[in-house]
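In this text the structure is predicted, and so the values were computed from the model without any measurement.
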Amino acid sequence: MKHTLLIKDWLVSFLSLFFPHCCIVCGRPLAKGEECLCTMCNINLPRTDYHLRKDNPVEKQFWGKIPLERATSFFFYRKGSDFRQILHQLKYGGQKGIGAIMGRYMAAELLASGFFDGIDIILPVPLHKKKQQIRGYNQSEWIARGIAAVTGISIDTESVVRQKNTETQTRKSSFERWENVEGIFELHHAQSLTGKHVLIVDDVLTTGATTVECASCLAEIEGIRISILTLAMAE
């Protein structure tokens with residue numbers, strides 16, 4: 001067994017000389033034990049640390065719109081920053097595994113703060129069926145998988161369904177974003193979420209329009225509590 005593991009390690013090291021796994025931010029080959037990000041880029045990741053602040057800017061973005069328990073985003077998504085590659089490769093580069101890796105990184109750092117205390121279900125913001133078929137996966141679901149691997153909290157991908165295939169939000173104004181997502185979600189199996197604390201997970205927070213629409217769909221459930229976690233927050 002030990003001999004087999006040594007051969008496997010040697011083979012991985014040999015192949016990495018010709019087909020190296022590289023940091024998605026800086027492009028340097030990853031060292032053994034590094035995933036997705038090299039150690040230096042992980043250290044330099046522009047973290048918000050908002051999970052350590054009550055009434056933080058992410059929470060304020062949802063005040064008066066949904067019944068919110070707590071909310072945070074892991075890092076800042078800044079235009080022109082090399083760290084934008086994390087989301088770009090996750091959403092458009094076909095690298096769904098980035099979502100699970102970053103979800104684990106994020107959950108491991110937030111765990112000690114008590115952010116996940118009392119949460120019953122993780123609910124990734126759903127994609128429309130056609131868009132998911134084209135992309136091949138839901139990036140928010142893969143982020144949720146990483147979070148679940150660390151926290152042990154179950155993932156729910158059935159209670160909320162995206163019934164309208166909307167245009168991309170990328171080049172829309174704030175008003176257009178809110179208009180674009182109106183009524184796009186439909187609630188199924190509401191009874192299974194009665195009295196539950198649900199964590200809505202998404203990739204990036206901009207205006208919050210999509211997240212609010214998803215949360216509003218849940219708000220009609222008796223005894224529901226809602227928290228929000230996104231991988232990034234646009235500045």
Side-chain angles (χ1 to χ4, degrees), residues 24 36 58 61-62 65-66 71-75 77 84-104 106-107 119 121-149 153-174 176-190 192-193 196 198-221 224 226-234:
I24 57 173
C36 188
V58 176
Q61 196 161 334
F62 296 103
K65 297 171 184 169
I66 59 173
T72 192
S73 299
F74 188 45
F75 72 92
Y77 178 77
R84 73 190 187 282
Q85 285 297 325
I86 296 172
L87 289 172
H88 184 80
Q89 293 301 319
L90 171 59
K91 292 182 73 170
Y92 309 116
Q95 297 192 44
K96 59 188 178 184
I98 291 173
I101 294 167
M102 294 303 298
R104 294 202 312 269
M106 177 166 60
I119 291 174
I121 297 289
I122 300 171
L123 196 152
V125 173
L127 284 180
H128 188 269
K129 183 169 58 177
K130 287 184 178 179
K131 186 171 287 186
Q132 185 159 334
Q133 286 174 345
I134 293 170
R135 185 169 293 170
Y137 57 93
N138 177 358
Q139 69 276 4
S140 296
E141 183 179 339
W142 277 82
I143 296 169
R145 290 186 186 191
I147 297 168
I153 302 170
S154 299
I155 300 173
D156 180 353
T157 59
E158 297 181 356
S159 293
V160 176
V161 176
R162 195 162 187 152
Q163 61 178 349
K164 294 181 182 179
N165 190 15
T166 55
E167 299 173 357
T168 180
Q169 299 275 73
T170 306
R171 291 183 172 84
K172 293 187 179 295
S173 67
S174 180
E176 288 171 335
R177 285 172 183 261
W178 286 95
E179 192 175 45
N180 191 46
V181 299
E182 187 176 358
I184 65 172
F185 296 109
E186 186 175 88
L187 183 63
H188 294 179
H189 316 297
S192 66
L193 295 178
K196 300 293 186 182
V198 177
L199 177 66
I200 296 176
V201 170
D202 207 358
D203 53 356
V204 59
L205 176 67
T206 49
T207 62
T210 304
T211 310
V212 167
E213 194 65 26
C214 183
S216 297
C217 186
L218 296 169
E220 62 190 68
I221 299 173
I224 194 80
I226 298 171
S227 290
I228 294 166
L229 176 58
T230 69
L231 181 59
M233 178 185 187

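Inter-residue side-chain proximity for Gln139 and Ile98 is flagged as unmet; no heavy-atom pair is nearer than 4.5 Å. Counting only heavy atoms from C-beta outward, the side chains of Glu213 and Val160 never approach each other to under 4.5 Å. Using a 4.5 Å heavy-atom cutoff, the side chains of Thr157 and Pro124 are in contact.
Considering Ile101, Asp203, Val204, Ile24 as possible partners of Ile86, the one that fulfils the side-chain contact (heavy atoms from CB on, under 4.5 Å) test is Ile24.
Annotation: the span from Met233 atom CE to Gln61 atom CD amounts to 5.0 Å, rounded to 0.5 Å. Taking CG of Leu229 as the reference point, atom CG of Leu199 lies at 5.5 Å (rounded to 0.5 Å). Considering CG of Leu205 and OG1 of Thr207, their distance stands at 7.5 Å, rounded to 0.5 Å. Note that CG of Leu123 and CD1 of Ile228 are 11.0 Å apart. Values are rounded to the nearest 0.5 Å. Gln133 CD to Lys130 NZ: the interatomic distance, rounded to the nearest 0.5 Å, is 8.5 Å. To the nearest 0.5 angstrom, Lys91 atom NZ is 6.0 Å from Arg135 atom CZ.
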Open item on the list: Using the rule given for side-chain contact (heavy atoms from CB on, under 4.5 Å), can you reason through Leu187 versus Ile221, listing the C-alpha separation, both sets of side-chain angles and the distance that settles it, and then say yes or no?
Closed with: CA-CA 10 Å; Leu187 183 63; Ile221 299 173; 3.8 Å; yes
Open item on the list: Quick one, Lys129 with Val161, criterion side-chain contact (heavy atoms from CB on, under 4.5 Å). Give me CA distance, side-chain angles, the key distance, then yes/no.
Closed with: CA-CA 9 Å; Lys129 183 169 58 177; Val161 176; over 6 Å; no
- [ ] May I have the step-by-step check of side-chain contact (heavy atoms from CB on, under 4.5 Å) for Leu218 and Ile200, ending in yes or no?
- [x] CA-CA 10 Å; Leu218 296 169; Ile200 296 176; 3.9 Å; yes
Open item on the list: Please determine whether side-chain contact (heavy atoms from CB on, under 4.5 Å) holds for the pair Met106 and Thr72, giving the CA-CA distance in whole Å, both sets of side-chain angles, and the decisive distance to 0.1 Å.
Closed with: CA-CA 11 Å; Met106 177 166 60; Thr72 192; over 6 Å; no
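Among all heavy-atom pairs drawn from Val125 and Cys214, the shortest one is CG2-SG, 4.5 Å. Gln89 and Tyr137 make their closest contact through O-OH, 4.3 Å (heavy atoms, listed as atom of the first residue, atom of the second, distance). Of all the heavy atoms in Thr206 and Ala234, the pair that sits closest is CG2-CB, 3.7 Å. Residue Ser140 comes nearest to Val201 through the heavy atom pair CB-O, 3.7 Å, listed as atom of the first residue, atom of the second, then distance. Here the shortest heavy-atom pairing between Ala149 and Arg104 reads CB-CD, 4.3 Å. Considering all non-hydrogen atoms of both residues, Ala232 and Tyr77 come closest at CB-CB, 4.0 Å.
In this view, Asp156 satisfies the salt bridge (Lys or Arg N to Asp or Glu O under 4.0 Å) rule with no residue, not counting sequence neighbours. For Ala107, the side-chain contact (heavy atoms from CB on, under 4.5 Å) partners are Phe116, Ile147, Val150, Thr151, not counting sequence neighbours. In this structure Ser154 satisfies the side-chain contact (heavy atoms from CB on, under 4.5 Å) test together with Ile121, sequence neighbours excluded.
In this structure, the side chain of Arg145 does not engage the main chain of Ala100 through any donor-acceptor pair within 3.5 Å.
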